[in-house]
Amino acid sequence: GDSVTQTEGQVALSEEDFLTIHCNYSASGYPALFWYVQYPGEGPQFLFRASRDKEKGSSRGFEATYDKGTTSFHLRKASVQESDSAVYYCALGSGSFNKLTFGAGTRLAVCP
Amino acid sequence: NAGVIQTPRHKVTGKGQEATLWCEPISGHSAVFWYRQTIVQGLEFLTYFRNQAPIDDSGMPKERFSAQMPNQSHSTLKIQSTQPQDSAVYLCASSLGLGGRGDTQYFGPGTRLLVL
């Protein structure tokens, strides 16, 4: 079945550091790829998506590029802020209406 | 513009009791999804509806769990004879349901269920 692997379980950075969270997927079809962010006590919030190979998604300074060749969708941000501290989920959408399969999540802690 | 509404936000039940969780999707959205979140299993798909019709319930436990969507403005997830292992955050999401890779799901805040 479909699966998503996030390499980093936790990431600790200082403000203005560069962020990379690695996401690799395995899917039988040609999925859409998503990043969601979750704050304590809330549901996952949609960050952005990419629907085809080489498409770049971006929002709030975060970005990721769909790479079908390496089956990856790595999340990057050039300069993180304390307010970016949260759990980040990579997900793939399958089926007619994008049923989501999530990675395990990466907890980002940014210290001032 | 209200997002997805879920009630109650917290529910505590005794083992063997029934729990009913409610979800109101974003107005105009025709697809409604249910997920479960636990520390051990993470975010897992349960079931979804489009235009109130059940489309895929492949993630639903075969026993004790059922979901319905009696009208376009709400869906329910019912758990009969709750067990401690049912303790989780149950998340509802909705999307426009237009089909294709462009559909994006928006999540509610979740219902935290604790079974004692």
Side-chain angles (χ1 to χ4, degrees), chain A residues 1-10 23 25 27-55 57-59 64 66 68 73 86-107, chain B residues 2-7 9-10 21 23-26 29-60 88-112:
Chain A
D2 296 344
S3 65
V4 176
T5 301
Q6 290 180 236
T7 310
E8 299 86 359
Q10 296 185 72
C23 171
Y25 70 91
S28 55
Y30 190 178
L33 300 175
F34 300 81
W35 278 100
Y36 282 83
V37 56
Q38 188 173 29
Y39 301 96
E42 299 181 9
Q45 288 182 20
F46 170 69
L47 199 52
F48 58 81
R49 73 167 184 266
S51 301
R52 61 189 60 82
D53 191 24
K54 302 296 184 282
E55 181 180 355
S58 64
S59 176
Y66 193 137
K68 198 163 181 283
F73 193 53
V87 180
Y88 291 81
Y89 291 96
C90 183
L92 68 81
S94 58
S96 300
F97 302 100
N98 275 339
K99 175 178 79 174
L100 295 174
T101 299
F102 285 90
T106 299
R107 184 174 299 278
Chain B
V4 175
I5 298 171
Q6 290 190 249
T7 54
R9 291 294 310 275
H10 302 272
L21 313 180
C23 170
E24 181 179 332
I26 294 170
H29 282 193
S30 67
V32 173
F33 300 76
W34 286 95
Y35 295 84
R36 177 169 63 181
Q37 185 172 31
T38 61
I39 299 293
V40 174
Q41 297 295 331
L43 280 154
E44 302 175 285
F45 166 79
L46 293 176
T47 186
Y48 82 94
F49 299 82
R50 183 177 180 257
N51 289 336
Q52 301 169 231
I55 302 296
D56 182 343
D57 66 354
S58 59
M60 290 279 273
V89 176
Y90 290 84
L91 292 157
C92 178
S94 70
S95 71
L96 285 170
L98 300 177
R101 295 198 290 271
D103 262 357
T104 295
Q105 292 173 39
Y106 298 89
F107 284 79
T111 295
R112 184 174 295 276

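Here is the naming used below: chain letters follow the sequence lines, and residue numbers restart at 1 for every chain. No hydrogens, no waters, no symmetry mates; every other heavy atom, side chains included, goes into these values. Here the structure is a predicted model, which means the values were calculated and not measured.
- When heavy atoms are compared at a cutoff of 4.5 Å, B:Leu98 approaches chain A solely by way of its backbone atoms N, CA, C and O.
- Put simply, the side chain of A:Asn98 does not reach to within 4.5 Å of the side chain of B:Ser95, judged on heavy atoms.
- The shortest non-hydrogen separation linking B:Gln105 to A:Phe46 is O-CB, 4.2 Å.
- Residue B:Gln6: no heavy atom, backbone or side chain, is found under 4.5 Å from chain A.
- Side-chain contact check for A:Leu100 versus B:Phe33: every heavy-atom pair is 4.5 Å or farther apart.
- Proximity to chain A (any heavy atom under 4.5 Å) is restricted, for B:Arg9, to the side chain, taken from C-beta onward.
- For A:Tyr89, the part lying near chain B is the side chain, with the backbone staying farther off; criterion is any non-hydrogen pair under 4.5 Å.
- Atom NZ in A:Lys99 sits 12.0 Å away from atom CD1 in B:Ile55 (nearest 0.5 Å).
- Between B:Asp103 and A:Phe34, the closest heavy-atom pair is O-CZ, 3.5 Å.
- Of the atoms belonging to B:Ser58, it is side-chain heavy atoms, and not backbone ones, that fall under 4.5 Å from chain A.
- The two residues A:Gly43 and B:Leu91 come nearest to each other via the heavy atoms CA-CD2, 3.9 Å.
- With a 4.5 angstrom heavy-atom cutoff, A:Gln45 does not touch chain B via any of its atoms.
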